[in-house]
S.K.: 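There's a structure below that I have some questions on.
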Amino acid sequence: MRTILLKETVDATCAIYRRDDETGVVELLLVPGDMAGAVVRDDCAAEPLVQAKVIGDDYPFGFSQGRTMRFSKTVAHMRFGDPRVTRGESGHVGASGETRITTLIDDERGWHYEHVLVMSERSEAVEIHTSVVNDGADPVTFEMLSSFTLGSLSPFSIGLDPENLTLHRMRSTWSAEGRLLSQPIEDLELEPSWQRFSANSLRFGSIGSFPVREWVPFVAVEDSAHGVTWAAATTHASSWQIEAYRRDDGLSLSGGIADREFGQWTKTLLPGERFDAPKAVLAVTSGDVDRAAQMVAGNVRRYLDVPRSEDHLPIIFNEFCSTWGQPTERSVLEQLDAVRALGVEYFVIDAGWFDDAAFEAASRFGKWQVSDKAFPHGMKPVVDAIHDAGMKAGIWFEFEVAGREEPDCFNKAEWLLRRDGLPITSGNRRWWDMRNPDVREYLAGRVIDFLRDNGFDYMKVDYNDTIGIGCETPGHPETSLGEGLYEQIRASQDFFRRIRRELPDLMIEICASGGHRLVQSFMEIGAMASFSDAHECDYIPVVAANMHRMILPRQSQIWAVVRDEESIAKLHYQICSGLLGRLCFSGDANAFSGEKNEVIRRGVAFYREAAPVIDHGISEWFGPRIRSYRHPRGWQAIVRRGEPGTAAEGRTLVVLHTFHDVPDAVTIDLTDIPGPIDADRLGQAFRREGIDVALADGRLTVSGLTDFDGVAVLLG
């Protein structure tokens, strides 16, 4: 039996805390507010608010070692207090309007855990903050500590509930980020065994400093019978793991820092010390995974702190796909003449300004000195020219690494990350130890002073390799590799925050080989992020649409590369891709003229009209499933409805792309959009000649299509 200790509802989410009468374990259920009375499941083990494993305690039984560290003997020692509610108080995560539910969990051996659920009227998602404090006289070493747990799924069913639950994850690899993978839990062998002796666990994650590689740190479970989806995401940018676990009829989720088995992490707490696990973000909705994922991604809006100039989503020009890492004073000035009249507001000088070789061959990282050959008059006159052209000036850095062709940096061993006593080397890169105060002061001079002295308004920060399993901590040989990595990335993020403090009006773009750092801890720091390195690929709109489940479109910077030899149809295709996020032009300077100039002008004008919906909207996917990214077939439409209470209310943006083997006409059902859907709501359309757009009886029909067309329609 379960005793309900607390029910708390904020907006559409209800948090239910229940105590198992036999074991004393307290668990958390998240349910849609209007379904709180429909909870029936109590026929499975209660999922404790915290999963942990302390060195010296027994490991979990039932063939578990190497597969999961959940439900070790450490959990059996937990003694759960009652949840306590505080409302409208400021805390380490926010301000008034928050509801905080705190549960203390004691271990009689000398430490306690703190589990804090934060619900806010400013977010459709909730946050979970988990901490452990050593109150005892002796050190204690953890080899697993969860950031979040969620169990008894689905709480609206009793028994096995076969062929109902679906597990959603997102695969991710370089230039093909965010592919949704949806699998029945039976296909993943997440059914209980006949004897219920062993647990079935699916543990996945990413190891290293590319947190969005192989997998996105996200999971969702969908209850098809009741139309409810739960979603959760870890937020930190080092090694992470998420587990789906089942030993009986209830399915459980948990996640956080990759544990000792998976990510070589341990953490020793001395008496009086505290460790705060990275926060997790969760959501529940009477909807599908697309809706749940956007609720989780939207939580970052609570932390956005950008200049007011970002309110209208300015368009960017980045010259990387023009010079491919060999910018010069001359190339920048020539491009200014070509793009100044297009309505672009940021001009970004990308990689290579410090080197004379193409980016792929270069490794001159660390000194960050302007190339005398490429910029003979220095950088300040170029920045002044960008400003005189009416644009803000941006510059590229990859400041966390040292390159082989800068031996004074590459061989400065006492400043570099180490493993096995040796500098960690990958290709031509080594990593600065960002925990070292001397490194931070050096970079403050080379980066912050450079930006200030030259008058830059924008910085793109790239990161093009992963540290791997972790790093040593100088002077602390007991610190695990995984914890060293976690500390390193936190120190890097602290340096980003220092840049923001010292240059509060600076726009920061997060980039890591395109999209390998698209996690909430970085999205809270940067105004924008590079969505991918798929610079000119046919599948750009597929990846750009994937981003809607991962980050806010207002933060997703999408390439639109203009080539002189490409057709007008391709230009429409590229600009429509940019309408799925932040439009970023690049390409040949001589391509921004003639008929293409007029198309770009129309595209920019359309983008400005659509910007409120891009910023504040809810997206839906239409079209057949895209299987091959390199050879996509069919079509894709993203229908983005403006959110109530914003400038986008009552407006809808439809962005359609066709691929190989497209039909002549595509019809999209818009009857779910509030209000009448008829010709009177058909506002602007951005399309090439020969494409017709019609709206009648709640359906949008686009005809005259050929392969690789892009069409955008704004309704309302």
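What's counted below: heavy atoms across the whole structure, side chains too, no hydrogens, waters or symmetry copies.
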S.K.: Output all residues satisfying salt bridge (Lys or Arg N to Asp or Glu O under 4.0 Å) with Asp457, sequence neighbours left out; order by chain, then residue number.
M.R.: none
S.K.: Does anything in residues 383-396 pair up under salt bridge (Lys or Arg N to Asp or Glu O under 4.0 Å), and if so which pairs, sequence neighbours excluded?
M.R.: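 Matches after skipping sequence neighbours: Lys380-Asp384.
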S.K.: Taking all non-hydrogen atoms of both residues into account, name the closest pair between Phe275 and Ile257 and its distance.
M.R.: CZ-CD1, 3.8 Å
S.K.: Without hydrogens or angle criteria, can the side chains of Ser532 and Glu177 be said to hold a donor-acceptor pair below 3.5 Å?
M.R.: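 Their side chains do contain a donor-acceptor pair, which is all the 3.5 Å distance test asks for.
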S.K.: Check for me whether Arg364 meets the cation-pi criterion with Phe354, that is, NZ or CZ under 6.0 Å from the six-membered ring centre and within 45 degrees of the ring axis.
M.R.: no
S.K.: Between Ser513 and Arg213, is there a side-chain donor-acceptor contact under 3.5 Å, judged purely by atom types and distance?
M.R.: no
S.K.: Which heavy atom in Ser123 sits nearest to a heavy atom in Arg302, and how many Å separate them?
M.R.: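 So the two residues come closest at CB-CD, 3.4 Å.
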S.K.: Could you tell me if Ser586 and His535 have a donor-acceptor pair between their side chains, going purely by distance under 3.5 Å?
M.R.: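 Result is no, nothing qualifies.
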S.K.: So, using ring pair (Phe, Tyr, Trp, His ring centres under 6.0 Å) as the criterion, who are the partners of Phe218 when residues are at least two apart?
M.R.: none
S.K.: Looking at Ala444 and Phe495, what are the two nearest heavy atoms and their distance?
M.R.: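 Looks like N-CZ, 3.8 Å.
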S.K.: Name all residues meeting the side chain to side chain contact (heavy atoms under 4.5 Å, CB included) criterion together with Ala233; count only those two or more places apart in sequence or in a different chain, and write none if there are none.
M.R.: Val296
S.K.: Which atom names give the shortest non-hydrogen contact between Gln684 and Glu609, and what distance separates them?
M.R.: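 Residues Gln684 and Glu609, closest heavy atoms: NE2-CG, 3.0 Å.
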S.K.: For Phe397, enumerate each residue passing the ring pair (Phe, Tyr, Trp, His ring centres under 6.0 Å) test, keeping only those at least two apart in sequence or located in another chain.
M.R.: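 Phe397 satisfies ring pair (Phe, Tyr, Trp, His ring centres under 6.0 Å) with Trp353, Trp368, Phe450 only.
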S.K.: Apply side chain to side chain donor-acceptor pair (under 3.5 Å) to Glu334 and list each qualifying residue two or more places apart in sequence or on a separate chain.
M.R.: Arg330
S.K.: Residues in salt bridge (Lys or Arg N to Asp or Glu O under 4.0 Å) with Arg440, at least two apart?
M.R.: none
S.K.: Please tell me if the side chains of Leu417 and Trp432 come closer than 4.5 Å, counting only heavy atoms from C-beta onward.
M.R.: no
S.K.: Can you name the residues that form a side chain to side chain contact (heavy atoms under 4.5 Å, CB included) with Ser209, not counting sequence neighbours?
M.R.: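 By the side chain to side chain contact (heavy atoms under 4.5 Å, CB included) rule, Ser209 matches Tyr463, Thr466, Ile467, Leu485, Ile489.
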S.K.: Do Gln493 and Ser521 meet the criterion of a side-chain donor-acceptor pair at a distance under 3.5 Å?
M.R.: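 Yes, Ser521 and Gln493 have a side-chain donor paired with an acceptor closer than 3.5 Å.
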S.K.: For the residue pair Leu506 and Phe456, what are the closest heavy atoms and their distance?
M.R.: CD1-O, 3.8 Å
S.K.: Relative to each other, are the rings of Phe496 and Phe522 parallel, tilted or perpendicular (30° and 60° limits)?
M.R.: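 If you compare the ring of Phe496 with that of Phe522, the planes turn out perpendicular.
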S.K.: Would Arg340 and Asp337 satisfy salt bridge (Lys or Arg N to Asp or Glu O under 4.0 Å), going step by step from the backbone distance to the final call?
M.R.: CA-CA 6 Å; Arg340 73 169 75 203; Asp337 290 337; 3.0 Å; yes
S.K.: Below 4.0 angstrom, N of the basic side chain to O of the carboxylate: do Glu124 and Arg291 qualify?
M.R.: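 So Glu124 pairs with Arg291 through a salt bridge.
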S.K.: Please give me the minimum heavy-atom distance between Glu405 and Ser363, naming the atom from each residue.
M.R.: CG-OG, 3.1 Å
S.K.: Output all residues satisfying side chain to side chain contact (heavy atoms under 4.5 Å, CB included) with Ser147, sequence neighbours left out; order by chain, then residue number.
M.R.: Ala277, Pro278, Ala280
S.K.: Judged by modelled atom types alone, do Asp433 and Trp415 share a side-chain donor-acceptor pair under 3.5 Å?
M.R.: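 The criterion, which ignores hydrogens and geometry beyond distance, is not satisfied for Trp415 and Asp433.
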S.K.: Could you tell me if Ser619 and His548 have a donor-acceptor pair between their side chains, going purely by distance under 3.5 Å?
M.R.: yes
S.K.: May I ask you to check whether Arg274 and Ser131 show a side-chain donor-acceptor distance below 3.5 Å?
M.R.: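 Present: a donor and an acceptor within the cut-off.
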S.K.: Quick one: which residue pairs count as a salt bridge (Lys or Arg N to Asp or Glu O under 4.0 Å) with a foot in residues 312-322, not counting sequence neighbours?
M.R.: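 Counting only pairs at least two positions apart or across chains, no salt bridge (Lys or Arg N to Asp or Glu O under 4.0 Å) contact touches residues 312-322.
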S.K.: Side chains of His236 and Gln520: any donor to acceptor distance under 3.5 Å?
M.R.: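 Gln520 vs His236: no donor-acceptor pair found between side chains.
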S.K.: Looking only at side-chain N and O atoms, does His129 offer a donor or acceptor that is under 3.5 Å from a partner on Arg100?
M.R.: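 Looking only at side-chain atoms, His129 and Arg100 do not form any donor-acceptor pair under 3.5 Å.
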S.K.: Under the salt bridge (Lys or Arg N to Asp or Glu O under 4.0 Å) definition, can you give me all pairs with a residue in residues 504-531, not counting sequence neighbours?
M.R.: Lys279-Glu524, Glu400-Arg517
S.K.: Tell me every residue that passes side chain to side chain contact (heavy atoms under 4.5 Å, CB included) with Asp11, counting only those two or more places apart in sequence or in another chain.
M.R.: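 Only Glu121 meet the side chain to side chain contact (heavy atoms under 4.5 Å, CB included) criterion with Asp11.
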S.K.: Can you find a heavy atom in the side chain of Gln557 that is under 4.5 Å from one in the side chain of Phe531?
M.R.: no
